[in-house]
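Everything below concerns the one structure shown next.
Note that this is a predicted model, so its numbers are computed, not measured.
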Amino acid sequence: MRPLPRSFYLRPARTVARDLLGSYIIRTLPRTTIIGKIVEVEAYLGDRDPASHAFHGRTERNAVMFWRGGHLYVYFTYGMHFCANVVTGEAGVGHAVLIRAVEPVSGIAGMKRRRNGGHKAEDLTNGPAKFCQAFGIARKENGTDLLGNTIRIAAGEPVRPSLIVSATRIGIRLAADKRWRYYIKGNAFVSRLSR
DNA sequence: TAGTTGATCGTCT
DNA sequence: GACGATCAACTAA
């Protein structure tokens with residue numbers, strides 16, 4: 001599967017967020033390939049969005065958010081978890097889309113192993129840190145170019161607009177009223193339902 | 001099922 | 001010196 005082109009990412013974050021639903025994220029490892037279908041995302045709009053890491057400007061941690069669209073911004077939080085974002089827009093903009101949940105498609109045994117086994121399929125990747133753990137995404141993957149061949153995103157079946165739910169974002173205090181979380185209605189791998 | 005809490009540490013006010 | 005774009009385990013009912 002070919003990676004989505006750079007132009008896909010050089011659009012407004014909320015447009016990219018909606019269009020990411022239903023597409024496939026593919027991680028190529030030395031011995032295996034793991035694939036998940038993206039089912040839940042959140043848009044973070046940089047200097048227009050108090051909840052965004054980029055709101056207060058560029059720092060060492062959030063530098064990748066200000067790169068050109070199509071890179072992966074991975075951050076460490078709560079002392080133990082990683083979360084992954086797709087950077088959108090031109091260089092310097094600082095917008096990104098958080099990948100909150102995927103539906104496991106391929107490499108499920110490896111996901112279970114990374115997640116320390118004993119999980120139902122629904123609990124493997126239904127949260128931003130769970131997804132990163134299942135896919136082995138950590139600090140080293142920060143700044144990965146999604147047009148390369150280690151981590152890429154490929155188009156899937158388009159999701160009908162009537163099946164896209166927009167809801168409030170999870171786990172933030174600031175700008176909690178903005179409905180910039182998007183997920184596929186009825187999908188069993190979404191982390192939480194609407195609010 | 002809903003609500004609470006402990007784990008654990010990098011980052012920035 | 002707080003406090004997270006979280007998760008899992010626990011309690012109560």
Side-chain angles (χ1 to χ4, degrees), chain A residues 9 12-18 20-21 25 36 38-67 69 71-89 93-104 108 111-144 146 151 153 165-184 188-195:
Chain A
Y9 301 102
R14 282 172 291 178
T15 306
V16 175
R18 287 168 172 276
L20 280 173
L21 294 177
I25 182 157
I38 298 173
V39 300
E40 181 182 358
V41 295
E42 282 175 4
Y44 285 87
L45 305 196
D47 57 354
R48 280 201 277 146
D49 181 3
S52 170
H53 288 173
F55 185 67
H56 297 286
R58 187 172 183 148
T59 65
E60 195 169 340
R61 168 167 83 145
N62 67 23
V64 172
M65 288 188 86
F66 292 89
W67 292 9
H71 293 270
L72 197 68
Y73 166 54
V74 180
Y75 67 89
F76 180 70
T77 191
Y78 292 103
M80 64 188 85
H81 294 304
F82 292 97
C83 297
N85 298 248
V86 172
V87 177
T88 68
V93 170
H95 292 198
V97 176
L98 172 71
I99 300 177
R100 281 199 57 88
V102 308
E103 176 177 330
I108 294 172
M111 295 186 202
K112 279 197 176 134
R113 181 162 26 81
R114 287 170 205 286
R115 294 266 298 127
N116 297 320
H119 287 279
K120 294 183 301 183
E122 293 81 12
D123 294 329
L124 239 30
T125 54
N126 61 343
K130 297 179 189 181
F131 155 70
C132 282
Q133 193 182 13
F135 274 62
I137 293 173
R139 208 182 304 282
K140 284 197 305 291
E141 283 66 37
N142 188 33
T144 301
L146 297 171
I151 304 175
I153 299 177
V165 181
S166 88
T168 54
R169 294 176 293 180
I170 308 285
I172 56 170
R173 304 188 344 266
L174 301 164
D177 57 316
K178 307 291 188 208
R179 304 179 75 84
W180 292 345
R181 180 166 72 102
Y182 304 96
Y183 63 87
I184 300 178
F189 297 86
V190 169
S191 67
R192 304 208 214 158
L193 297 181
S194 185
R195 213 199 66 234

Close N or O pairs between protein and nucleotides 2-9 of chain B (under 3.5 Å):
unit_1, atom_1, unit_2, atom_2, d
B/dT8, O2, A/Y78, O, 2.5

**Study point:** Interatomic spacing from CD1 in A/I38 to CZ in A/F189 - rounded to 0.5 Å
**Key:**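 CZ of A/F189 is found 14.5 Å from CD1 of A/I38.
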Value for CG (A/D177) from OG1 (A/T168), rounded to nearest 0.5 Å, stands at 9.0 Å
Any donor and acceptor pair, going by atom type alone, linking the side chain of [X] with main-chain N or O of [Y] inside 3.5 Å?
{"X": "A/R181", "Y": "A/E42", "value": "no"}
{"X": "A/D49", "Y": "A/A51", "value": "yes"}
{"X": "A/Y183", "Y": "A/S194", "value": "yes"}
{"X": "A/R100", "Y": "A/E40", "value": "no"}
{"X": "A/D47", "Y": "A/A54", "value": "no"}
{"X": "A/T125", "Y": "A/V102", "value": "yes"}

| Does atom CZ of A/R115 have more than 12 heavy-atom neighbours, drawn from other residues, nucleotides or ligands, at distances under 6.0 Å? | yes
In short, side chain to side chain donor-acceptor pair (under 3.5 Å) pairs touching residues 73-83 of chain A with sequence neighbours left out are A/H53-A/Y73
| request: Remember a base hit wins even if backbone is also touched, and classify A/R169 as base, sugar-phosphate or nothing at under 4.0 Å, heavy atoms. | output: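 No contact.
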Taken to the nearest whole Å, CG/A/L193 to P/B/dT1 is 12 Å
With rounding to whole Å, what would you report as the distance between B/dG3 and C/dA5 at their P atoms? 22 Å
A/E103 meets the salt bridge (Lys or Arg N to Asp or Glu O under 4.0 Å) criterion, sequence neighbours left out, with none
Checking A/V39, A/I153, A/T88 against A/L20 for side chain to side chain contact (heavy atoms under 4.5 Å, CB included), the one that qualifies is A/I153
If you find the nucleotide of DNA chain C closest to A/R115 and the one closest to A/I172, which residue's nucleotide is nearer the 5' end?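 In this pair, the answer is A/I172.
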Given Watson-Crick and G-U pairs under 3.5 Å, DNA chain B in dot-bracket ([ ] crossing, | other strand) is |||||||.||||.
Would you call the rings of A/W67 and A/H71 parallel, tilted or perpendicular if under 30° counts as parallel and over 60° as perpendicular?
->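 Because their plane-to-plane angle is over 60°, the rings of A/W67 and A/H71 count as perpendicular.
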Which parts of residues 127-141 of chain A get close to DNA chain B, meaning a heavy atom less than 4.0 angstrom away?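 Nothing qualifies; none.
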Going 5' to 3' on DNA chain C, which nucleotide is the first and which the last to come under 4.0 Å of a heavy atom in chain A?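 Nucleotide range with atoms under 4.0 Å of chain A: C/dG4 to C/dA8.
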